[in-house]
Each structure stands twice: as C-alpha cells, then as structure tokens.
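Order of listing sets the numbers, starting from 1, for every ligand and every atom in it.
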Amino acid sequence: MKVLVIGSGGREHALAWKSAQDISVEQVFVAPGNAGTAMEEKISNVPLNIDKFDSVKDFCIKKDIELVIIGPEQPLVNGLADYLQNNGINAFGPSKYAAQLEGSKTFSKNFFIKYGIPTAQYASFSNFYDAVDHLKKIDYPTVVKADGLASGKGVIICDDQTQAEKALKSMFKEKAFGRAGNRVVIEDFLEGEEASFIAVVSKDKVLPLVTSQDHKPVGEGDIGLNTGGMGAYSPAPIVTQELNKKIMDEVMYPTVNGLIEEGHPYLGFLYAGLMIKDNEVKVLEFNCRFGDPETQPIMIRLKSSLVQLCLSALKDELDSHTIDWTNKHSCGVVIASNGYPEAYESNKEVSIQDYDDSDVKLFHAGTKIQDDKVVTSGGRVFCATALGTDLKDAQKKAYNLVDKINFEGAFCRKDIGYKGIK
Ligand code: AMP
Ligand code: GLY
C-alpha cells in the first residue's frame, strides 16, 4: 500500500515515520515534506503544490495512493479532504464545514454555546469601534483572539484596557494576522492548567489517543509570546480517568453529535485544547487536526499501526478498533530559530552528531536539504523526542538529544515537562 502525508512540519515527519513502520506499507510520500522525511527509509518527498487540489488528486491516482493523511489545518479549512473524497480518494481529515471548528473562532464559540459545551464567555466583533466599546464593560485580564487561522499566534492576553485596545488595533488596523483579524473574539480569561485531548473520530465514534500537554509560550515558566508549541509530553497526569470521562461526555460527544445534527459528521483527528481547574473543564479551542508538537511524543508511544487506525475510521469501524501504546512516558523538545515566533533567521547549516538509542527520535520541522546539507527553513526546526521509564527519564533523554544538534541561533525551552514532573 502507498500512503500520502500532506504537510512539511514535525507533525508530518512523525505521521510519515509511523506510517512507514506498517509492514503493509510499501511507500510513504510526503508533500512537500522536509529534510527529515527526505532522509527516511521508505519515505520520499514530492514537490506538490497542496493549494492546487487537482494536482494532489492526479498524483494520488497516478501512484495508486490508498490513504491520504492531511496534517495541517490550512488545506483542511480550504476543503482538501472533501475534494479528494468526492474524487474517490481515501482522505483522512474533516470536511471544510467541520474544519471551521478551527478555522473560525466565532463559528466554534457559537457552536459551543448552541450545543452546551463549556467554554469562556465571549463576544465577537467585525468592527473596531464596537470592539473598543466592549472593552469598557469587561473585567481584566481578558483575551483578544483573531477569528481566523494564525498558526497559534493570534491570541493576546491583555492585563488591562490599554493593552486590549492595542491588541485590537494590531488586528483590525495594522493587520498583524492578515484577514484572520477581520473579525475578533474577546473572551474571559480562564485560569487553570491546559491539556491537549486528541481523538480519532468517525461520525459518532470517538477513540481518544493518549493524553498530552503542550507548552505554548516561548519562554521558560510559560512567559512571553505564544507560539505554535515549544514542546510536549505524554501522558499528561492532569487528565485523570475521571476527567477523561468528563471530557468525553461534556466536550467530545456533544461536539461530534452536534456536527451530525448540522449535517456534517466529523472524520479525522479532533483536538480539544482544554483549560482544567478544580476538575472542571472548559474548551479554549478546537483544532481539526493533530497537534504539533503533540504528535511527536504521541507517535513515539504508539505501538499499533497508524495507517490501520486511519483506515478503520474511514470505514467507520472504530468501534472494533483498539490502539496499543507503550506504558513508557515521552517528551518532545522543540528547537527553534533565533527570533521565533516573530521574524526568524533561516538558511543556517545544521550539524547533527550521531546517536544510537532506539528510545529517541529527532523529528525535523523547518529543515530542507540544500547542496547535500541540512539547512534551517522555519521557525520551529526540530523536535527532539524521547521515551523514558517516567517523564523525568524521557525529559533527560530528549535534552541529551538536543545537545547533539547545532545551528546558529538555535534555542529551546529548558523546562519542557515541568508541570508533569512537579
Ligand atoms: P487558542 O489558540 O484559542 O487555543 O489560544 C492559544 C493559547 O492562548 C491557549 O493555549 C492558552 O494558553 C491561551 N488562551 C486562549 N484562550 C484563553 C483564555 N480564555 N484564558 C486563558 N488563556 C487562554
Ligand atoms: N500545539 C498546538 C497546536 O498544534 O495547535
């Protein structure tokens, strides 16, 4: 069987790497991929323009692709899954309609209210002056969010009215997030600890994956600007069995059943970003895809086949599907380029010292091969990922791997996993 993975990040490297481990898989293509996927056995990069849906379809037909896994949100929000499915191709990912859960904060917040899913109080604005007026009526801190996709960076936590007005100005007037900021959500600030709850969904069937926790802010101790994620670990001890059930009953099932009611059943990975406090759960956001970097520590724990899992969801057979995980813990540390999450440097040559440990894996993200060398090409460049007997052991191995990677301006957070260890 041949598999196509769409995307070029650390998530896609991990998804392709895991897919290639299935013995029934003869080849995995990644479009467009990165230097890491280019160097793996059984994996090849293909320079497809993923915005041109017909070129993806033509490639699938020509190569007889039996499964397409769509990694990033943008092609899903643009409708790539619908297009491929309508052309008879086995594409694993939600429809354009369902992907609005991530693609529009206003859509998702309205959906939460309609289906009784716990979330922060909010208001949505498409006009700067109405939004500024609203700032006079609320408590602080508050949270200002660009409505559309902004690579995890379109959320600004504001301590007072002046900061909130500045945030609105940056979105509406200065277009800091382009068209994503034409509409803005202002919502109550929630306290607590975050967790990522990711499941495989087919219609009303929800098969949760192991739990994980991301580290969004760029600086140690969760200080500084929000990023796409600076590292993650699994499992996340904050999600107890009791809480797991609560999340399924109060968040996951109401969401998938709500989408069925809307006439748009969900297929694909569904990721709830949650805030947890005193055993109560509120949804911060939904993502219509796997998390990055959560995928990396989750995939390294997966023992059964990712490909069979996706095919099972496509056949609507998740009821009888079981997933095997290792009991070991995992930790993934993102190595980023100087400047990230703002303007960052690129084209830096990378040196990677040899390592020999089956419990560690270096997933590439923003890398490419140029003149036979690996050079940086993105803000998040690698995710050094490791398994360990406990989180502390996994963390130590992940940081040992970090020490083997070098490029000018490389940095990482030194505390990935700290909440799980504390
Ligand atoms: P989102 O893209 O909506 O998940 O927001 C990105 C990050 O901003 C989250 O992971 C949280 O760390 C933070 N955040 C978002 N909404 C809130 C909120 N209502 N209260 C506190 N922090 C939030
Ligand atoms: N790690 C957060 C995300 O994938 O959106």
Apply the test side chain to side chain donor-acceptor pair (under 3.5 Å) to residues Tyr271 and Glu294: give CA-CA distance (whole Å), side-chain angles for both, the deciding distance (0.1 Å), then the verdict. CA-CA 10 Å; Tyr271 165 143; Glu294 291 93 329; 2.6 Å; yes
Working to the nearest 0.5 Å, report the span between OH of Tyr399 and CG of Asp415. 6.0 Å
Working to the nearest 0.5 angstrom, can you tell me the gap between Arg301 CZ and Asn327 CG? 7.0 Å
Identify, by atom number and element, the atoms of ligand 2 in contact range of [X], meaning under 4.0 Å from any of its heavy atoms.
| X | value |
| --- | --- |
| Glu294 | 1 (N), 2 (C), 4 (O) |
| Tyr271 | 1 (N), 2 (C), 3 (C) |
| Pro293 | 1 (N) |
| Gly291 | 4 (O) |
| Lys216 | 2 (C) |

Can we call the ring centroids of Phe112 and Phe286 under 6.0 Å apart? yes
Does any donor atom in the side chain of Asp147 or Thr106 lie under 3.5 Å from an acceptor atom in the other side chain? yes
Element-labelled atoms of ligand 1 that are located less than 4.0 Å from some non-hydrogen atom of Phe189: 20 (N), 21 (C)
Near Lys105, which atoms of ligand 1 are under 4.0 Å from a heavy atom of that residue? 1 (P), 2 (O), 3 (O)
Should Glu191 be listed as contacting ligand 1, given a heavy-atom distance under 4.0 Å as the test? no
Would Ser196 count as a contact residue for ligand 2, given that I'm defining contact as a non-hydrogen atom of the residue lying under 4.0 Å from a ligand atom? no
Closest protein heavy atom to [atom], given as residue, atom name and distance to 0.1 Å:
| atom | answer |
| --- | --- |
| atom 19 (N) of ligand 1 | Glu187 OE2, 2.7 Å |
| atom 3 (O) of ligand 1 | Lys145 NZ, 2.9 Å |
| atom 21 (C) of ligand 1 | Leu190 O, 3.3 Å |
| atom 1 (N) of ligand 2 | Asp214 OD2, 2.7 Å |
| atom 9 (C) of ligand 1 | Glu194 OE1, 3.5 Å |
| atom 2 (O) of ligand 1 | Glu285 OE1, 3.0 Å |
| atom 17 (C) of ligand 1 | Leu284 CD2, 3.5 Å |

Thinking salt bridges, do [X] and [Y] make one under a 4.0 Å N-O criterion?
| X | Y | value |
| --- | --- | --- |
| Lys169 | Glu174 | no |
| Lys114 | Glu262 | yes |
| Lys109 | Glu187 | yes |

What do the steps show when you test Thr37 against Asn45 for side chain to side chain donor-acceptor pair (under 3.5 Å), and what is the final call? CA-CA 7 Å; Thr37 52; Asn45 288 351; 2.7 Å; yes
Below 3.5 angstrom, do we get any N/O pair linking Asp292 and ligand 2? yes
For ligand 2, is there an N or O atom under 3.5 Å from any N or O atom of Gly228? yes
Within the supplied structure, the quantity of interest is the number of heavy atoms (other residues, nucleotides, ligands) at a distance under 6.0 Å from Lys166 NZ; does it exceed 12? no
Within the side chain of Asp278, is there an N or O that forms a donor-acceptor pair under 3.5 Å with the backbone of Glu280? no
On a heavy-atom basis, I'd like to know which of Arg289, Met230, Arg11 is closest to atom 3 (C) of ligand 2. Arg289
Note: heavy atom closest to atom 5 (O) of ligand 1, options Val155, Ile157, Val283, Asn226, belongs to Val155
Side chain to side chain donor-acceptor pair (under 3.5 Å) for Gln296 and Thr385? Distances and angles first, verdict last. CA-CA 7 Å; Gln296 296 85 315; Thr385 309; over 6 Å; no
